[in-house]
Amino acid sequence: MALHMSSLFLRTLREDPADAEVPSHKLLVRAGYVRRVSPGIYAWLPLGLRVLRNVERIVRQEMDAIGAQELVFPALLPREPYEATNRWTDYGDNLFRLKDRKGGDYLLGPTHEELFTLTVKDLFSSYKDLPVSLYQIQTKYRDEARPRAGVLRGREFVMKDSYSFDIDAAGLEKSYQAHRDAYVRIFDRLGFDYVIVQAMSGAMGGSKSEEFLATAEVGEDTYVRCASCGYAANVEAVRVPAPDPVPFADAPAAHVEDTPDTPTIETLVDHLNERFPREDRAWTAADTLKNVVVMLVHPDGTREPLAIGVPGDREVDEKRLEAQVSPAEVEPFEATDFDANPALAKGYIGPGALGLDGTAHIRYLLDPRVAEGTRWVTGANQPGHHVIDLAAGRDFTADGTIEAAEVRAGDPCPACDSVLQSARGIEMGHVFQLGTKYAEALGLKVLDEKGKLVTVTMGSYGVGVSRAVAAVVEGNHDEAGICWPRELAPADVHIVAAGKDEQVLAAAEQVAVDLEDRGLSCIVDDRRGVSPGVKFKDSELIGVPTIVVVGKGLTRGVVEIKDRRSGLRREVPVGSAAAEVLAEVGRA
RNA sequence: CGGGGCAUGGCGCAGUUUGGUAGCGCGUCCGCUUUGGGAGCGGAAGGUCGCAGGUUCAAAUCCUGUUGCCCCGACCA
């Protein structure tokens with residue numbers, strides 16, 4: 001049965017809602033797909049629900065196609081399983097918590113590794129049962145610090161999450177690849193541009209992880225990509241290529257110089273150029289070695305100072321650093337910490353004092369760019385003094401390297417000779433090799449063929465289903481409204497009855513009946529007393545891909561078929577309208 | 001949690017500086033006209049101006065407190 005605009009539970013808005021900023025948010029509200037109920041919590045109106053269900057259908061089809069089995073867990077969960085994996089604590093304020101009448105602790109599930117793991121443990125106990133992949137499409141809850149952009153980032157949202165269970169790493173790799181392939185098919189069908197980027201496995205203890213990002217200016221994730229070789233990575237995961245070692249046999253010896261009042265890189269470079277000018281070129285910040293000290297706080301509460309050496313023209317990227325040192329957290333090195341480490345001369349810290357073997361006994365990690373044989377200007381560990389021509393490997397060594405320096409557009413690509421570009425994206429999917437973290441914590445083991453207990457190895461895979469609705473709109477709209485890809489549109493055809501005559505309404509209705517009979521879903525704008533202009537505007541705002549206009553052409557026996565996206569229109573005889581539309585929709 | 005902004009009929013906004021009968025556009029309802037690009041005319045309904053307290057003859061407007069929301073940053077499908 002076609003949807004009729006005269007009775008549809010829908011009110012389109014002429015103006016953008018005041019609280020909306022990004023295009024998808026404005027359009028989804030204006031076109032009557034969603035309504036805000038509370039910050040980050042949205043109601044899906046009839047048209048919106050249809051789109052959401054279409055996304056779910058695509059995801060479900062592709063998951064079923066790789067043999068994953070659908071089930072559904074409750075969103076309301078007891079505390080215990082999350083206690084076992086420490087996530088009751090680790091999730092912190094992001095977890096919605098509640099109590100039942102007896103005072104028992106519950107939570108609204110933010111993701112379901114624990115439940116899947118426990119249920120597999122409950123039912124399976126042999127390697128013969130594996131591999132198995134399970135998934136659900138379910139409403140998740142996260143008490144986001146700052147929900148934003150409508151359904152793009154809500155506190156309640158629909159996610160498809162799946163989990164694979166394998167006996168060994170080779171099996172996990174296969175399950176992972178199957179999911180990754182399924183995700184490629186899902187996102188191809190959803191119809192937005194996306195990139196697959198390498199991501200950090202980080203705290204989760206896994207070994208491999210990739211994110212699917214919809215390319216969008218409004219995205220919250222920054223990633224880099226290489227135009228020539230296709231390399232793409234989340235900023236956290238970028239590996240800096242280490243330069244080849246430089247021979248330092250004939251390099252000048254390091255020498256300490258007076259550099260008064262030069263506590264910052266900028267003042268130091270100015271001073272160098274004034275007092276110690278180079279013959280070949282001017283000194284730049286990239287010639288200096290900046291040593292930053294931070295305080296790591298380990299999960300058990302112990303604190304450990306860490307020194308990081310990066311070229312002076314780069315900042316330490318906090319996100320990258322945290323990804324590297326995870327699960328430890330990073331805190332600033334406070335004045336009291338300097339007091340406790342008198343070997344550190346604030347503003348003039350140099351490698352001499354650093355390292356576990358150094359006078360300050362602080363672990364010292366270097367940016368990969370500080371390769372053997374490279375020469376640097378750096379702190380001499382006494383106020384007002386720096387060392388020039390300090391050669392890495394000859395004059396100092398560190399305890400290792402670390403990927404913590406900021407990544408910039410124009411940096412060399414780690415995979416080829418080209419350079420990286422920076423871009424923004426919306427995280428739409430994540431595939432992730434978890435390994436044994438959850439299986440171990442929850443005791444998921446099976447007997448192998450030799451009768452020995454082995455811990456199961458897992459993968460976890462997510463798709464933001466409700467988020468996808470917004471992401472699709474971000475990538476598929478124009479000035480007038482939304483342009484849905486066919487598979488997602490709330491209907492196949494939008495029929496506009498443009499005219500007041502009864503024949504127009506009757507003819508529009510007949511076209512709708514013909515199309516519905518042939519398996520297409522229709523929206524019919526049968527509102528009386530509404531001018532054609534309003535109906536045209538609404539049809540473009542709502543964004544169904546094919547629009548059929550039944551109006552003044554009827555006296556000549558024709559109706560108009562219009563493509564929403566291109567705006568192209570053509571007239572066809574009213575009698576063959578249904579067949580023509582079917583051809584247009586590609587289901588003839 | 002830090003910074004900025006906003007709160008006035010269903011929606012979008014003005015009015016607040018300088019206290020004096022709460023206004024505009026859209027939408028909604030009724031009537032007539034109109035019908036291929038958000039129609040015209042006439043009529044109508046609808047607001048204790050976020051909340052609480054205070055100043056005053058008088059508060060949307062001034063003072064104090066409070067709550068909520070939006071945006072920008074640290075976290076995530």
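Each chain gets a letter, A, B and so on, in the order its sequence line appears, and its residues count up from 1.
- In this structure, the OH atom of A:Tyr461 is 20 Å from the P atom of B:rC76, given to the nearest Å.
- For the pair A:Leu27 CG and B:rC11 P, the computed distance is 19 Å after rounding to whole Å.
- Rounded to whole Å, the distance from CD on A:Glu211 to C1' on B:rA77 is 10 Å.
- B:rG42 is paired with B:rC30 under the Watson-Crick or G-U wobble criterion, all donor-acceptor distances under 3.5 Å.
- The existence of a salt bridge linking A:Glu144 and A:Arg153 is confirmed by a sub-4.0 Å separation between a basic side-chain nitrogen and an acidic carboxylate oxygen.
- Nearest-nucleotide mapping onto RNA chain B: of A:Gly150 and A:Arg30, the residue sitting toward the 5' end is A:Arg30.
- For the pair A:Glu584 and A:Lys562, the salt-bridge criterion is not met [side-chain N within less than 4.0 Å of a carboxylate O].
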Between protein and nucleic acid, restricted to nucleotides 24-26 of chain B and to nitrogen or oxygen atoms under 3.5 Å apart, what atom pairs and distances do you find?
| residue | atom | partner | partner atom | Å |
| --- | --- | --- | --- | --- |
| B:rG25 | N2 | A:Glu15 | OE1 | 3.3 |

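- The CG-P distance, from A:Asp19 to B:rC6, rounds to 16 Å in whole Å.
- Under the Watson-Crick or G-U wobble criterion, with both distances below 3.5 Å, B:rC1 is paired with B:rG73.
- Residue A:Arg36 places at least one side-chain N or O closer than 4.0 Å to OP1 or OP2 of B:rC70.
- Of the side-chain N and O atoms in A:Ser531, none sit less than 4.0 angstrom from OP1 or OP2 of B:rU35.
- Residue A:Glu427 places its side chain closer to B:rA77 than to any other of B:rG27, B:rA77, B:rG37.
- Phosphate contact (OP1/OP2 of B:rC76, side-chain N/O of A:Arg467, threshold under 4.0 Å): absent.
- Of the candidate nucleotides B:rG38, B:rC76, B:rC71, B:rG38 has the atom lying nearest to any side-chain atom of A:Val534.
- With distances taken from any side-chain atom of A:His430 to the nucleotides B:rA77, B:rU28, B:rG37, the minimum falls on B:rA77.
- A close approach under 4.0 Å does occur between a side-chain nitrogen or oxygen of A:Lys500 and OP1 or OP2 of B:rU35.
- With rounding to the nearest 0.5 angstrom, the CD atom of A:Gln138 is 10.5 Å from the CD atom of A:Glu70.
- Taking only side-chain atoms of A:Phe536, from C-beta outward, the nucleotide of B:rG36, B:rC72, B:rA77 with the closest atom is B:rG36.
- Residue contacts for A:Gly462: at a heavy-atom cut-off of 4.0 Å it reaches no nucleic acid atom on any strand shown.
- Both thresholds, 5.5 Å between centres and 30° between ring planes, are met by A:Phe157 relative to the base of B:rA77, so the two rings are stacked.
- For A:Glu144, the listed nucleotide lying nearest its side chain is B:rC75; candidates were B:rA39, B:rC75, B:rU35.
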